[in-house]
Amino acid sequence: MSAIGLPSASFLGGGARFPARAGAARCRLATKNNSGPEARAGRSGYSSSGLRSRCSEGSPGRMGKKIKKEAEPPPKDVFDPLMIESKEAATVVLMLNSPEEEILAKACEAIYRFALKGEENKATLLELGAVEPLTKLLTHENKIVRRNATMIFGILTSNNDVKKLLRELDVMNSVIAQLAPEEEVVIHEFASLCLANMSAEYTGKVQIFEHGGLEPLIRLLASPDPDVKKNSTECIYNLVQDFQCRATLQELNAVPPILDLLKSEYPIIQLLALKTLGVITNDKEARAMLRDNQGMDHLIKILETKELNDLHIEALSVIANCLEDMDSSVLFQQTGGLKKLLSFAENSTIPDIQKNAAKAITKAAYDPENRKLFHEQEVEKCLVALLGSENDGTKIAASQAISVMCENSGSKEFFNNQGIPQLIQLLRSDSEEVREAAALALANLTTCNTANANAAAEADGIDPLINMLSSKRDGAISNAATVLANMAMQEPLRVSIQNHDVMHALISPLRSANTIVQSKAALMVAATACDVEARTELRNSGGLEPLVELLRSKNAEVRRHASWAVMVCANDELMAVELCRLGALDILEEVNLSVSRKNKFSEAAYNKLLNNYLSLKYSLTGYLSSSNIISDGFYDYGQINPGTKLLPLKDLCLQEPSDLRAVLLVNSKSDVSPPPSMEDKSSDIGYGQSISSSSSLRRASKEKTNTGFGSPTEDKSEPTSGRNTALSKSTTKEKRSRKDRGKKEDEKVKEEEEFAAAPKLAGEGSPDKEWYPPSDPGFCVYVYEVTKSIFPITNIKEQIEALAKYVAEKMGGKVSKEKLHDFSWELHISELKFQLKSNVIPIGLIKKGIFYHRALLFKALADKIGIGCSLVRGEYGRAWNEVKLMNESRKGLIEALPPAEVYIVDLMFHPGGLMKLRSKEADLYRYL
């Protein structure tokens, strides 16, 4: 430290200065080391010579020095002036508590010079406790003291620890007060510098804003001093990073004074002004204010001036924001700005200029007219060239511009040959952001465009896209999933995608917490899980659980896409059963009860699950339509309440027999081959194999009756002589003697005993083997016989009647209403349970059945030979089949054909009889 009375000239260094534009006057750079007291000479009278002269006037000589003329001695009650030379900063810090204004001013001056020398000195002053007494001097009555203290804080606040202490001391009001119009320019400069330093941190911003610092800072933008302008602009730039400050800035009409700064001759001021505009023009209101104050003209002039090339980057950034505003976009186009923009993108070699030009093109291209103009100017070539830039920011901006430009159909076609291969290359970039932007462009290019999807596949894009599904960036995952979903719309590409283990790669996105990722992942499942192999792979990879959970999402799009995916996955029975086991049906039922949460896909998924898990559908609803084709493995557990879980068939088979209702099983699969001919064989022979699929038989049935299903048209060909032989025999079965019937029952018992061991052979006792449901040789025989004898009948009504008689014969024959209570079917069922040691009874083993046994057998056989009928469960063991037939009285009429009439098939009282629905006899059949 220097002597307080006579400061050393070595400490009076002027601050750094910043240059003006060529030909302009030079000015100080307002930084933390910006200027010393001498630099203020001529502005405030604060000069080293003035200080020295004031300090030495009238002061006595040093001790021991002879004086030619003695001065008058001071009064006896006045302390003689004392000249002290201090060499320790601690001593000067102590002087900050002096009541003498001159001592305070000189102490502040010495501390200021000491702080200018470096960061270590600032830390020393903090340790010596200089900050707190200095804060009190900010409000001192003496202007010089107040000015010097302000200058110190302008320098000290570049130290983070000082800033932290000042925030705790809450001196913001005192600093802001120094911005008052009546204060000196020097005070304005250092107070604004202090605020600029403080505003670099969030807490400082909050304090400045809450203490009303924004308004005086805006006022200082018009200061004649360039240092004040620079510091104020820098502080405002820091403040407007917060949206509340931006809103207040607009209320204070700050855009015009900021625009005026663009005319400054100092580059640093122009640059800060552009950066500030770049932030505030993110808000619509600020863009409107800039446009209304001819801000676009200022920006275009900057772009047109080569000497201002150091401002072009920021100017393009502001223009990019302004182009989001439609009016600004139109104005920019009218003034020829779009062509200048293209010129910058094409000709500049500076990466940041290329990047900001591409960003501006992106913003402008949201307008269809601008897209059209850009396309006419062949902007696509420029953007493809920018994809090859070495700068990642430029690649990202170009990719984003392409993603917007492809809204134009011409641009979309252009990128098919040029652009897509380059974008695929960017998918292999080391930068996650570059990959995300490239995937976004590809997502838009491949949407509703098969040619671009093929081009992406031909450029080997599938592998990097699938790899991106494990990206750390949610945007990259969702974009990649969108591209793959678009590609999977074409079967050859879908197969190629499936061969890349895509189902396993989708597990992580399905478990994501991001709703956009969840939505896109579910959509991709819907696009790719279109065949059994893909669905099996998804299930084995553990993808069904997270997919089902997405049905609970509060996001409408996630629920919609998840429902779509579940609907696709439920296309086969095994998947439908598994999805129901995981709770998909219960969730969908709950969703569909809500008006606000349900959607068409949730309803379709619910129906798809039930229609492909007919065992559950029949247990829940008690109804199977004619389109619900019973397949092998179907079982009738009986009615269950909503919310009750239906146990899988395997679990039911492994249960011990009980008093519960028997579970009826339909299964025509068997490993035993049928004999070569069955014409003369008894129906009791134990063999079995699925004779024909329901689809092929139904197809044949439709070919047979071209006039429509259920149409009672006459067959022009002669019936075969033996067509109804089996039926005529079956109708006379009741006339057989008890001896013949008893012999047949003995044979059946033997067959059933052999069958009882079948489940164990199928894997019940060997856990290593796959489990199969119990076989049913008897039902296999039924299928063979009806296929041979009833399927060839060309008249639908006759087919139904014949099948009804056949079913009644196999289930114990005709039962009169009066003797229904004597029909001892319960004992027969109990015997079968005991023999099988299970509650599950194959339908072909039941020889004495009532309504619900016969109705199920009729439906199962009808589905095998292509007869359309429904199965309806009633109460108290009742069940019946409904068929649709045309009214024969209107046969031959072509015009105005009435809808087919619904009949109930009698399988009990008068087998083969058809009763109109809701007729008296039909109601007596359905209800007790």
Side-chain angles (χ1 to χ4, degrees), residues 15 17-18 20 25 27-32 34-35 39-40 43-44 46 138-139 143 146-155 157-158 166 171-200 204-242 245-246 248-277 279-280 286 289 293:
R17 300 173 185 273
F18 62 89
C27 175
R28 295 167 309 284
L29 172 62
T31 64
K32 58 187 179 182
N34 63 343
S35 56
R40 308 298 157 196
R43 294 169 56 181
S44 60
Y46 190 84
L138 288 173
T139 55
K143 267 192 172 185
R146 193 166 64 248
R147 179 191 64 194
N148 292 354
T150 305
M151 291 172 65
I152 293 172
F153 279 117
I155 302 301
T157 47
S158 65
L166 287 177
V171 297
M172 206 59 73
N173 261 336
S174 303
V175 179
I176 293 173
Q178 308 307 311
L179 304 180
E182 61 272 13
E183 294 292 351
E184 299 177 17
V185 174
V186 177
I187 293 181
H188 287 169
E189 177 182 343
F190 284 92
S192 59
L193 177 59
C194 175
L195 292 176
N197 289 333
M198 294 290 290
S199 64
K205 294 177 190 175
V206 173
Q207 289 186 351
I208 294 171
F209 177 72
E210 290 179 348
H211 288 87
L214 201 52
E215 185 174 2
L217 285 168
I218 293 172
R219 187 180 65 249
L220 290 182
L221 294 178
S223 171
D225 187 86
D227 290 305
V228 176
K229 287 182 180 179
K230 184 264 179 188
N231 295 337
S232 301
T233 309
E234 184 177 357
C235 185
I236 290 172
Y237 170 71
N238 290 336
L239 290 175
V240 295
Q241 306 298 323
D242 182 72
C245 292
R246 290 201 296 272
T248 306
L249 198 73
Q250 294 158 22
E251 295 173 4
L252 297 172
N253 195 30
V255 172
I258 295 175
L259 284 173
D260 286 339
L261 295 178
L262 297 179
K263 303 173 186 176
S264 173
E265 53 194 350
Y266 301 101
I268 184 64
I269 295 176
Q270 292 173 311
L271 186 63
L272 285 169
L274 284 172
K275 284 188 173 183
T276 305
L277 289 172
V279 176
I280 65 175
M289 291 177 67
N293 288 276

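All values below come from the heavy atoms of this structure, side chains included, with hydrogens, waters and symmetry mates left out. Position 1 is the first residue of the sequence; numbering continues from there.
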- Qualifying residue for side chain to side chain contact (heavy atoms under 4.5 Å, CB included) with C194, from T157, I152, I176: T157
- Query: With sequence neighbours excluded, what pairs up with R219 under the salt bridge (Lys or Arg N to Asp or Glu O under 4.0 Å) test?
  - Reply: none
- Message: Show the nearest heavy-atom pair for residues L261 and A273, with the distance to one decimal.
- Response: CB-CB, 3.8 Å
- Which heavy atom in C235 sits nearest to a heavy atom in L217, and how many Å separate them? SG-CD1, 3.4 Å
- Item | Inter-residue atom distance L193.CG - M151.CE, 0.5 Å rounding | 10.5 Å
- Message: Evaluate L249 against I236 for side chain to side chain contact (heavy atoms under 4.5 Å, CB included), listing each step before the verdict.
- Response: CA-CA 9 Å; L249 198 73; I236 290 172; 4.1 Å; yes
- State, with a plain yes or no, whether a side-chain heavy atom of H188 is found less than 4.5 Å away from one of D225. no
- Query: Within the side chain of E215, is there an N or O that forms a donor-acceptor pair under 3.5 Å with the backbone of L252?
  - Reply: no
- What is the minimum heavy-atom distance between L239 and S199, and which atoms define it? CD2-CB, 4.4 Å
- Query: Quick one: does Q270's side chain have a donor or acceptor within less than 3.5 Å of a partner on L262's backbone?
  - Reply: yes
- Item | Nearest atoms (heavy-atom pairs only) where I218 meets A254 | CD1-CB, 3.6 Å
- Please tell me if the side chains of L195 and L179 come closer than 4.5 Å, counting only heavy atoms from C-beta onward. yes
- Look at the side chain of S232 and the backbone N and O of K229, then say whether any donor-acceptor pair between them is shorter than 3.5 Å. no
- Take F153 and V171 through the test side chain to side chain contact (heavy atoms under 4.5 Å, CB included) and record every step on the way to the result. CA-CA 11 Å; F153 279 117; V171 297; over 6 Å; no
- Query: Which heavy atom in F190 sits nearest to a heavy atom in T150, and how many Å separate them?
  - Reply: CB-O, 3.6 Å
- Item | Counterpart residues, side-chain contact (heavy atoms from CB on, under 4.5 Å), relative to A180 (two or more places apart) | E182, E183
- Message: To check you understand the geometry: which heavy-atom pair defines the closest contact between H211 and Q207, and what is its length?
- Response: ND1-O, 2.7 Å
